[in-house]
Amino acid sequence: MFHPKVPTNPTPTGLVTPSVTEPITAVQHTPPPAPVAQSSTRPAVQLTPGTALALVGGGAAVVLVVGAVLVSMLLAVAISGVSVAICAVVLRSLLASERTHR
């Protein structure tokens with residue numbers, strides 16, 4: 001019921017080749033073995049004041065760099081928009097003055 005049936009495609013000669021089906025075999029699943037309690041020999045992570053300060057400094061540096069990149073991208077878009085607007089005004093002025101001088 002849950003096995004997909006692959007449709008048979010006709011060959012260029014018009015002959016249809018049937019799909020090959022394999023017999024279904026029952027599979028018995030064995031339960032996984034019970035977890036074994038292990039003694040923890042790994043020490044817990046301890047933050048010293050120096051490492052905490054380094055983490056805070058690194059996080060602040062990342063925030064500043066990402067902020068600078070985003071602000072510079074916004075500034076580039078704004079400058080591009082202003083320059084396009086100025087070009088449009090100049091072209092409009094040139095076309096309007098050409099129409100009036102004729």
Side-chain angles (χ1 to χ4, degrees):
M1 180 171 127
F2 293 109
H3 293 290
K5 287 190 173 187
V6 179
T8 57
N9 294 327
T11 58
T13 59
L15 299 175
V16 177
T17 57
S19 62
V20 179
T21 58
E22 296 181 8
I24 300 172
T25 58
V27 178
Q28 291 182 347
H29 294 286
T30 58
V36 179
Q38 296 179 353
S39 62
S40 177
T41 58
R42 198 172 87 191
V45 176
Q46 295 179 354
L47 289 177
T48 61
T51 57
L53 187 63
L55 284 174
V56 169
V62 167
V63 167
L64 287 176
V65 168
V66 169
V69 168
L70 291 177
V71 167
S72 64
M73 289 173 57
L74 180 65
L75 187 62
V77 169
I79 290 173
S80 299
V82 168
S83 66
V84 168
I86 290 173
C87 288
V89 168
V90 168
L91 283 174
R92 182 178 171 190
S93 170
L94 287 173
L95 292 175
S97 66
E98 186 175 310
R99 272 190 233 131
T100 58
H101 287 294
R102 283 189 168 182

Which pairs count as side-chain hydrogen bond (donor to acceptor under 3.5 Å, both in side chains) when at least one residue sits in residues 61-73, sequence neighbours excluded?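 Residue pairs passing side-chain hydrogen bond (donor to acceptor under 3.5 Å, both in side chains), neighbours aside: none found.
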With clusters built from Ile, Leu, Val, Met, Phe, Trp and Tyr whose side-chain heavy atoms come within less than 4.5 Å, directly or transitively, what are the remaining members of the cluster of [X], listed by chain and number?
{"X": "L75", "result": "I79"}
{"X": "V77", "result": "none"}
{"X": "V66", "result": "V62, L70"}
{"X": "L55", "result": "L47"}

In chain order, what residues pass the side-chain contact (heavy atoms from CB on, under 4.5 Å) check against L94, with sequence neighbours excluded?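 L94 satisfies side-chain contact (heavy atoms from CB on, under 4.5 Å) with V90 only.
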